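Notes follow the structure.
Since the structure is predicted, the reported quantities are computational estimates derived from the model, not experimental observations. Here is the naming used below: chain letters follow the sequence lines, and residue numbers restart at 1 for every chain.
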Amino acid sequence: AHAYNLLINACSRNGKYNDATLLFQEMQEQGLEPNLVTYNLMLSVYGKMGPWDRVAGLFDEMKNRGIRPDEYTYNTLIGACRRDSLCEEAIIFFDEMKAVGCKPDRVTYNSLLDLYGKSRYHDEALNTLQEMEKNCCPPNIVAYNTLISAYSKAGFYCEAIALKDTMLSKGIHPDVFTYTSLLSGCDKAGRPGKAMEIFKEMKNAGCTPNLCTYNTLIGMYGKKGKFEEMMKVFDELRSSGCTTDIVTWNTMLSVFGQNGMHVELSQVFKEMKAAGFVPERETFNTLICAYSRCGSVEQAMTIYRGMLKSGLCPDLATYNAVLAALAREGLWKQAEKVLTEMKGGRCKPNEISYCSLLNAYANGKEIKRMKDLADDIYGGTIYPC
RNA sequence: UACGCUUCUAUCUCC
């Protein structure tokens, strides 16, 4: 079992979750009993992909087989709750772990912080931070970075910077995670000047930027159309010994989309493939959005069909990108079809989806349909999400 | 009883 655990772990680290699942099946077919670590590993794998029921089912299974969950198990379960913002479930695990005598540690609290932060429950996150102090778990750098990331994503860049100063005052030195979060936060808040201050501070503090940092800066300059600055970031990226990754390419695609630079967009996509990068789901999502912004729904839809053909599964962002593309052209009949498809599938429409449909009606001059849909939404006949 | 394999944070997409 130990050998299988090592293999499963290797797959999990490389994102090969299906292979991990196959190994898990294989070991049982060979008559080997999965042990505690095996279950912990698989809970982590299932938590990263696939339906929640599978996580819950596996947890039941291990208990039924008489394997007692440990701190790792509960930490993994709470971590798995983050993907779908399952706050209630996380609290149940948190209480259960204390009830069975497992002591929450920093990882437990940090996972809760991340869950609350990504779910935009900022008050709960702060409460958790205080509970950590109380329970002799003073927040470490991961805890601070987690909160800073949450604030940055939510657009609260001032709060994020303040938290960075708090951690400094406690003698915890911000690292490349901290600074990259802050840069991204300033960018999202439309404060590139502030971002540059942070970047200078980062270098003065002796913190070396990495590829994530450069990708953030490329996106920041690029979307503002500051291409000379953007190229300087590329130069620095290369001279620092980094090499571009798929996120760099996705960022470039997004940048040319946002600037409506159709020719460059197609060119970069070609170069990306020539460089040997295999488009991922996020690449396709970016392309659908980018072509639409360049005024080409046809190409956006071609990309969408290409994505389906390549065997990738659309997610909510894909559908919403398609809906937004159709909406821009007022193609409300097609938008309705997509929405119907969503209702019958795994990705239920959210607020953004319905906004796009409203937009599609508006741009298609279908005032009556628009009003009716708005009434349904505000009247509670339709529940987004 | 302890220890070992397993659990937490940043950059791209739904404008």
Sole residue of A:Thr146, A:Asn140, A:Asn135 in side chain to side chain donor-acceptor pair (under 3.5 Å) with A:Tyr109 = A:Asn135

Judged by modelled atom types alone, do A:Thr108 and A:Asp105 share a side-chain donor-acceptor pair under 3.5 Å?
-> yes

If the sugar-phosphate is the primed atoms plus P, OP1 and OP2 and the base is the rest, what is the B/S/- string for nucleotides 6-15 of chain B, using protein heavy atoms under 4.0 Å?
-> BBBBBBBBBB

Residue list, salt bridge (charged side-chain N to carboxylate O under 4.0 Å, His left out) with A:Glu201, at least two apart or on another chain = A:Lys164

With a 3.5 Å cut-off and no angle check, do the side chains of A:Glu61 and A:Tyr39 form a donor-acceptor pair?
-> yes

Qualifying salt bridge (charged side-chain N to carboxylate O under 4.0 Å, His left out) pairs, either residue in residues 321-343 of chain A, two or more places apart | none

